[in-house]
Protein chains: 2
Amino acid sequence: MQECYTQLLAEGYLTSQVGSATRVATGAYQMPSVPVARPGRPRLIADFLWGVPDLASFPRSDWVWATREACAHVASAELGYSDPRGNPAFREVLSAYLRRVRAAAAAAERIVICTGYAQGLGVVVRALAQLGVRRVAFEDPGYGEADTSESMKVTRAAGVQLAHVPVDELGLDVAALDASGARAVVVTPAHQSPTGVVLAAERRHALVEWANRNDAFIIEDDYDSEFRYDREPVGLLQGLAPDRVFAIGTVSKSLAPAIRLGWVLVPPAHVGAVAEEKHMSDRGSSGVDQLAVAALLESGRYDRHLRRMRAMYAGRRGVLIDALARHAPDVRLTGLAAGFHAVAHLPDAADERAVVAAARQRSVGLYGMSLYRADGAVTPPQLVIGFGCVGERAIESGIRAIADLLR
Amino acid sequence: MQECYTQLLAEGYLTSQVGSATRVATGAYQMPSVPVARPGRPRLIADFLWGVPDLASFPRSDWVWATREACAHVASAELGYSDPRGNPAFREVLSAYLRRVRAAAAAAERIVICTGYAQGLGVVVRALAQLGVRRVAFEDPGYGEADTSESMKVTRAAGVQLAHVPVDELGLDVAALDASGARAVVVTPAHQSPTGVVLAAERRHALVEWANRNDAFIIEDDYDSEFRYDREPVGLLQGLAPDRVFAIGTVSKSLAPAIRLGWVLVPPAHVGAVAEEKHMSDRGSSGVDQLAVAALLESGRYDRHLRRMRAMYAGRRGVLIDALARHAPDVRLTGLAAGFHAVAHLPDAADERAVVAAARQRSVGLYGMSLYRADGAVTPPQLVIGFGCVGERAIESGIRAIADLLR
């Protein structure tokens, strides 16, 4: 996910310069190795970083309980190297969950467990490259510039060309995709990353039709669909076209990024290729952690945690809407249907970068949309405002502190 | 590790045919997803599979305890995406441990945490390829044929050529390495995989001298050095030449393969490149698991577990030596200094494959050295005999059941 990249940038682990590739920050290697004091993250009134869940709410005791369950019940043989697709019991539980909650066409034998979204994308893209896919399209706005996007670097490293396809208020422009010559596309249908647009029904169907017509593939990044507010959850696109869609999900938003587990729902014909890429990559993800997540799913603790988090994010979302309405009533907020970020539309004349820099001077962390545009354009001026990892009071104080900048 | 591959072959997840690449077994995708009944592993009197520790001895309660410690003390910020090198606190504890136990030139800032050996090798080889390394040498016997070795496939996927360098009774033939034109070599100095030879002191020095003279690199696979019997542990080669050696270690043999954690000690000049490859690969390994291993190391529970296991493996090793001495006294056993496998040298006229097949008929799992030779040669006939995951009684019964085949 782009947001991971944003966080690493924010924390000083990566450096990004206009016109050059992102690098791991050299200075980062000199830092003292003390766990608690994170470098490069000055104390802010509010940090509207997006893509990070509320880390303080990680269900620590649930995780310990689940690990105990896993260790109590794991068969010794399961502690060895595993099926390249991942632990069979976890895949069984997960497939039932995804059928029920995400309307997925999921079956245990067609799931490949991975470490997270980044690895999932990597193994899928490499498998597609072997199938002869030569160009992969990305949403724009999306991962940003090709030189700074880890996802695009991974894609290019697989020997694949990139295409950028615009996103409008209905989501991905499928006609533009068709014209791009790409034979695969990475999409975020439930809550476009980062614009927050929900892919419209007619676009969903057009996208599937595009894939069928061109023998093409859809890589669905289902990154924050657990959290929806105004309406019923939108099911996975994968459920409409399981032969064409690789759907990737993780626990990075539902539990925490530090629990490195994700999954890919793979079209039946390509399970072997994806499993082999995963096997080549690292010989499988932690068996104990897989069984721990299975225990959380089966016991209902996972759903209970999600309900708790949904209420927390809904509260923060409400405070954000309210604070902007009171302090900067001209700023339009979109992309609020799901997840824990939204887009603030600044007046046309606003200078996005200047707003971000001035807010930082006032100890408020803001992130401009230009970071996520393929050409880095600063117009129209917009901010991607995360409310996942910032408390209600901080949201109110932060917006109040910078409200005049947004006018 | 080759042995992982061997186990997957044995368990039916991979298929291997002479002259063709290893593939994930298609049939494996049809298997019922029941966790306990592992497919393709018939009940054997004894399975002398190697490279797998005693899975039944995985310290389950220690792991639950360590996870609880990790969850109790982890800072919320550490539950987000982490430093691309891994959790700083874990690297600090690990570096102290490796300095003490493995005579490593280890410092936290030069460690990159990875998922296991396979991923460690992958990130190092890709970083070396970017440095301009065009050929990497492997020990022979070692990973076997290039088409069936996952490690060699990963290396070739990085755009690098392979070379095979013979191993004799002193370890890797450094003169042959020099002649190979390789600018990097993967070695197992503490207990050659699979011959069990310990790299002789003069060869260690010759190898470092080779690296210095050729601006070349050594990738040290420190896969089973925790378990030594007759003599003092051999320190890491990395301690002699920290600017030239990438040393890879894991908990796969000390705890279990299902805990997917390893580390690379990286020459200072290349930390950024390796960290970036790791970041591209999967955005880091589990932060909670890293802190759990840190708790095991700091509390002394890790050492206590290793002492217990060393005693167990020493007992099994003794039973194996004894059983062969009694039932097949002409079979010479070498490579016993460390780890939990050894090499049985069959009479020159023996047909290695026939012995393996006949033993399987008698429900005894044997693995021939030809699997690990680059050209697949069946002479001299040898068996790699694992005693890590087979009990003392099974060793005695197994050897007795096949003793006549070994004569």
Side-chain angles (χ1 to χ4, degrees), chain A residues 4 7-8 13 23-24 26 28-30 33-36 38 52 55-56 58 60 63-64 67-68 71 75-84 87-89 91-92 108-109 115-116 118-119 122 150 153-154 256-260 271-272 275-276 279-289, chain B residues 4 7-8 13 23-24 26 28-30 33-36 38 52 55-56 58 60 63-64 67-68 71 75-84 87-89 91-92 108-109 115-116 118-119 122 150 153-154 256-260 271-272 275-276 279-289:
Chain A
C4 154
Q7 192 200 8
L8 287 164
Y13 293 129
R23 312 227 129 261
V24 172
T26 320
Y29 297 112
Q30 310 310 322
S33 297
V34 178
V36 180
R38 299 298 290 274
V52 186
L55 298 174
F58 173 67
R60 295 169 187 236
W63 187 252
V64 174
T67 300
R68 191 185 304 116
C71 284
S76 289
E78 292 181 292
L79 293 166
Y81 295 100
S82 97
D83 184 319
N87 184 283
R91 287 184 287 119
E92 201 64 69
E109 63 271 19
T115 302
Q119 187 182 61
E150 300 291 325
K153 284 199 271 183
V154 165
I259 303 297
R260 303 300 297 139
V271 173
E276 198 156 339
H279 183 66
M280 294 260 290
S281 170
D282 65 6
R283 307 283 191 282
S285 297
S286 164
V288 174
D289 290 351
Chain B
C4 153
Q7 193 200 6
L8 288 164
Y13 293 130
R23 311 226 130 261
V24 172
T26 319
Y29 298 112
Q30 309 311 321
S33 297
V34 178
V36 180
R38 299 299 290 274
V52 186
L55 299 174
F58 172 69
R60 295 169 185 233
W63 187 253
V64 174
T67 300
R68 190 186 306 117
C71 285
S76 290
E78 292 181 292
L79 293 166
Y81 295 99
S82 97
D83 184 320
N87 184 283
R91 288 184 287 117
E92 201 64 69
E109 62 270 21
T115 301
Q119 188 183 60
E150 299 292 324
K153 283 199 272 184
V154 165
I259 304 298
R260 305 299 298 140
V271 172
E276 196 156 339
H279 183 65
M280 294 260 290
S281 170
D282 65 6
R283 306 285 192 281
S285 297
S286 163
V288 174
D289 291 350

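Every chain is numbered from 1 and lettered A, B, ... according to where its sequence line falls, protein lines coming before strand lines.
- Here the shortest heavy-atom pairing between Thr115(B) and Gly284(A) reads CG2-O, 3.9 Å.
- Minimum interatomic distance between Ala56(B) and Ser76(A) (heavy atoms only, all atoms of both residues): CA-OG, 3.3 Å.
- The shortest non-hydrogen separation linking Asp282(A) to Gln119(B) is CB-CB, 3.9 Å.
- In terms of non-hydrogen atom pairs under 4.5 Å with chain A, the most contact-rich of Gly116(B), Ser281(B), Cys71(B) is Cys71(B).
- Across all their heavy atoms, Ala256(A) and Leu79(B) have their closest contact at CB-O, 3.6 Å.
- When all heavy atoms of Pro257(B) and Gly80(A) are compared, the pair lying nearest together is CB-C, 3.7 Å.
- The contact between Ser285(B) and chain A is made entirely by backbone atoms, counting heavy-atom distances below 4.5 Å.
- Nearest approach of Met280(B) to Val154(A), heavy atoms of both residues: O-CG2, 3.5 Å.
- Between Glu150(A) and Arg283(B) the shortest side-chain heavy-atom distance falls below 4.5 Å.
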